[in-house]
Protein chains: 2
Amino acid sequence: MVEYQTELLDRVFAAVADPTRRAILAGLAQKPATITEIARPFPVSLNAVSKHILVLERAGLIIREVAGREHHCRLDPAPLRKASVWLEHYRKFWDLRLDALERHIITRKKREKRSHGRTD
Amino acid sequence: MVEYQTELLDRVFAAVADPTRRAILAGLAQKPATITEIARPFPVSLNAVSKHILVLERAGLIIREVAGREHHCRLDPAPLRKASVWLEHYRKFWDLRLDALERHIITRKKREKRSHGRTD
DNA sequence: CCTATATTCAACCAAGTGGTTGAATACCAA
DNA sequence: TTGGTATTCAACCACTTGGTTGAATATAGG
């Protein structure tokens, strides 16, 4: 069995389990920003966003560089890649399922062709 | 912007953020099992595992079929696929980073060739 | 120096989590 | 019916989480 950096995966998955944090990542994917800039679009307090950023930082998803009173944050995608690698192990399962679904659709189409006009 | 089924993603990512639950999924990827069978390898109580399975079920990752007193569980990979789709949006970022890393290594090798023997 | 800005710290709250134990429920089988 | 097995329910605990408000800290700029 492949060895995973379990604790990192824990933190990464937990970090992206929150919609606000996913939105923060999406924003930073466009361009780096300071805490205040990141917080602007969100309906919660700056403090709340500051905490979210801390969670993302601890998951390794955000790199913070302090410049004077501003904290510049940028995305670090590396942990997302690790998460993706973990998920890929399950790809074969959903591929199988999609194959089955496709076969089912094809079968249904053939049936429809035979019994033309019937809707079941 | 792509539309996500936010609540499902929340539950899926939260579900896989726990190492025990990831291990449960890995087991079910081998073959379906009952609660007791699933619980056997783990050092926690059956009740604890039962709760984990409930979390996985609510995330849509496990399908439960009750047969008499046994609950047969099997993996449903569909939500993992959705999680993977979300992650894929960030692939370009880690691809970029890997490219940069590769360039860096190549550059370093060239430098090493020039200043032969120096270790920095 | 003074004031506005950027951010964190601290305390608090309600709700959720991961675990426990013990009891309840439901089923199978002798 | 009686007993063993499979599972959940219920209550509890310590800890975490996502949010708040208010104060503290540090920097920037007139």
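Note on naming: letters A, B, ... go to the chains in the order of the sequence lines (proteins, then strands), and numbering restarts at 1 for each one.
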Kindly say if B:His71 contacts the phosphate of D:dT8, meaning a side-chain N or O under 4.0 Å from OP1 or OP2.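 Yes, B:His71 has a side-chain N/O under 4.0 Å of OP1/OP2 on D:dT8.
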
For DNA chain D, which residues of residues 34-47 of chain A approach it to below 4.0 angstrom with any heavy atom?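 The stretch gives A:Val44, A:Ser45, A:Asn47 as the residues lying under 4.0 Å from the strand, ordered by number.
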
Using heavy atoms and a sub-4.0 Å distance, could you list which residues of residues 50-62 of chain B are near DNA chain D? By number, please. B:Ser50, B:Lys51

Could you check whether any side-chain heavy atom of [X] comes within less than 4.5 Å of a side-chain heavy atom of [Y], counting everything from C-beta outward?
X	Y	result
A:Asp10	B:Arg22	yes
A:Val12	A:Lys82	no
A:Leu61	A:Val16	yes

Whole-Å distance between [N] [atom2] and [X] [atom1]?
X	N	atom1	atom2	answer
B:Ile24	C:dG18	CD1	C1'	12 Å
B:Phe13	C:dG16	CZ	C1'	20 Å
A:His72	C:dA6	NE2	C1'	10 Å

Residue whose closest nucleotide on DNA chain D lies nearer the 5' end, A:Arg21 versus B:Arg69: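 So the residue in question is B:Arg69.
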
Among A:Arg74, A:His71, A:His72, which residue meets the side chain to side chain donor-acceptor pair (under 3.5 Å) test with A:Glu65? A:Arg74

Is the backbone of A:Leu28 close enough, under 3.5 Å, to the side chain of A:Lys31 for a donor and an acceptor to pair up by distance? no

So, A:Tyr90 side chain and B:Ala78 main chain: donor-acceptor pair closer than 3.5 Å or not? no

In Å, rounded to the nearest 0.5 Å, how long is the span from SG of A:Cys73 to CD of A:Glu37?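 Rounded to the nearest 0.5 Å, the SG-CD separation comes out at 9.5 Å.
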
Per A:Glu70 side chain, nearest of listed nucleotides C:dG19, C:dA6, D:dT7: C:dA6

Do the ring planes of B:Phe13 and B:Trp86 sit parallel (below 30°), tilted (30 to 60°) or perpendicular (above 60°)?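 It falls in the perpendicular class, over 60°.
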
